[in-house]
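These numbers come from the heavy atoms of this one structure, side chains and all, not from hydrogens, waters or symmetry mates. Whatever order the structure lists ligands and atoms in, that order sets their numbers, starting from 1.
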Amino acid sequence: MNVTILVVEDEKEIADTLTYALASEGFNPIWVANGESALNTLNEQTVDLCILDVGLPDANGFELLKAIRRADISNSDVPIMFLTARAEEIDRIIGLEIGADDYVCKPFSPREVVARVKVILKRLEKQTATKTQNELGEFKHKPDQRMIAYQSTPIELTRAEYELLAAFLARPGQVFSRRQLIEKIWSTNHPSDDRAIDTHIKTLRAKLKTQNPHKEFIITHRGFGYSLET
Ligand code: CA
């Protein structure tokens, strides 16, 4: 087992406790103390999970998470577990818009953190297993060529449609809000409204329909957003 876990935490004592607990369970922990180093590390090497303190010296953990998700790197969909010390932060994490996989409140027991890390990794393992059977069987995504094929036939996609489908395929079944999808295509502060997303979804849906007329790939979640069924 060689599972790399990035610990982003500016308090050395907490980081030490965590990395020690993770290493003694056979994980390969890397510690960085700020957001910039976190992004650099994610850009340079494969990371299987990221434990992210919300209060960092150079960045807010929430902003950092958005930056990671937006980044054009293979780690941009790394699972994230937040460390938080404040109740109002928990509200934001639980609110669907953040897109974290879990959170732990300070003070925490390192054992609890390790246990939760294992749960997340197990969940992902299952997702990956499903992926290779069903979804990658039908869809093939080659990010370096920006190409997505269905049953070996490349689908002709606009840039926006490609970004949307790639985002869906990275997290099958996950419901994305329109705002999240806008960020996938453009950026956080893009003035584009929800209707722009609906238009791209409509054209993407039509293209997927021509691949397989009997299947509804994109599911609409009323009042919230969309997910992909594979
Ligand atoms: Ca902190």
For Gln45, does the CD atom sit with more than 12 other heavy atoms under 6.0 Å from it, leaving out its own atoms?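 More than 12 within 6.0 Å, yes.
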Name of whichever N/O/S atom of Asp10 is nearest to the Ca ion (ligand 1):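 Restricting Asp10 to its N, O and S atoms, the minimum distance to the Ca ion (ligand 1) goes to OD1.
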Give the name of the N/O/S atom in Asp53 that lies closest to the Ca ion (ligand 1).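 In Asp53, the heteroatom (N, O or S) nearest the Ca ion (ligand 1) is OD2.
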Tell me, please, if Leu56 has any N/O/S atom, main chain or side chain, under 3.0 Å from the Ca ion (ligand 1)?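 No.
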Tell me yes or no: between the side chains of Ser37 and Asn40, is some donor less than 3.5 Å from an acceptor?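 Their side chains do not contain a donor-acceptor pair, so the 3.5 Å distance test is not met.
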Ion pair present between Glu11 and Lys106, side-chain N to carboxylate O less than 4.0 angstrom?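 A salt bridge is present here (some side-chain N lies under 4.0 Å from a carboxylate O).
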Would you say the side-chain atoms of Thr153 pair up with the backbone N or O of Ala149, donor to acceptor, closer than 3.5 Å?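 Not a single qualifying donor-acceptor pair exists.
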